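One structure below.
Note that the structure is predicted; figures quoted are calculated from it, not measured.
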Amino acid sequence: MEELQNTTPSEKFEAVIKEYLQQGKEKLEKDLAGTREAIKLIAKDKTKNFMRTMDMGLSEEERNCLSALIITSMYQSFCYGYGIGKIEGDTKQKVCL
């Protein structure tokens, strides 16, 4: 963090959020196995709901692709939520992206 002293506030914020995003990713990968499994179950359910709503079937490959897209999005959302929560906790201010 010492190298952040000669940077603009937006560069500092970007560096800090990247660091917290990485921490969120590591936490999700290592510590939160239950959360990862829940995300997978939700993605499967969302895929089924999509097929029901669209009144169309998807091949197994298409279902897997849609589920993977949903899982990736949810992982990313978790990491951003984790990072923003950390920043808000550090600064005692609301963060809006």
Taking all heavy atoms of Tyr82 and all of Tyr20, pick out the closest pair and write down the distance.
CD2-O, 3.5 Å

Contacts under 3.5 angstrom, residues 33-48 side chains, donor-acceptor by atom type, not counting sequence neighbours:
residue, atom, partner, partner atom, Å
Arg36, NH1, Leu28, O, 2.8
Arg36, NH1, Glu29, O, 2.8
Thr47, OG1, Ala43, O, 2.9
Thr47, OG1, Ser67, OG, 3.0

Residues Cys79 and Gly24: closest non-hydrogen pair is SG-C, 3.8 Å

Kindly give the heavy-atom pair with the smallest separation between Glu14 and Ile17, and that separation in Å.
O-CG2, 3.2 Å

Salt bridge (Lys or Arg N to Asp or Glu O under 4.0 Å) partners of Asp31, counting only residues at least two apart:
Lys27

Inter-residue atom distance Lys94.NZ - Glu88.CD, 0.5 Å rounding:
5.0 Å

Rounded to the nearest 0.5 Å, what's the gap from NZ on Lys86 to CD on Glu19? Could you check?
8.5 Å

From Leu69 CG over to Asn64 CG, what is the distance, rounded to the nearest 0.5 angstrom?
12.5 Å

For Gln23, does its backbone N or O pair with a side-chain atom of Glu26 as donor and acceptor, under 3.5 Å?
no

Is there a chain of hydrophobic side chains (I, L, V, M, F, W, Y, each step under 4.5 Å between heavy atoms) that links Val16 to Ile84?
yes

Keeping the roles fixed (side chain from Glu11, backbone from Thr8), state whether a donor-acceptor pair exists under 3.5 Å.
yes

same_hphob_cluster(Leu58, Ile70) at 4.5 Å side-chain heavy-atom cutoff
yes

Output all residues satisfying side chain to side chain donor-acceptor pair (under 3.5 Å) with Thr53, sequence neighbours left out; order by chain, then residue number.
none

May I ask you to test the Arg63-Leu66 pair for a side-chain heavy-atom distance under 4.5 Å?
no

Any chance you could measure Leu32, atom CG, to Tyr75, atom OH, to the nearest 0.5 Å?
10.5 Å

What about Ile87 and Tyr80, same hydrophobic cluster or not, with Ile/Leu/Val/Met/Phe/Trp/Tyr joined at side-chain heavy-atom distances under 4.5 Å?
yes

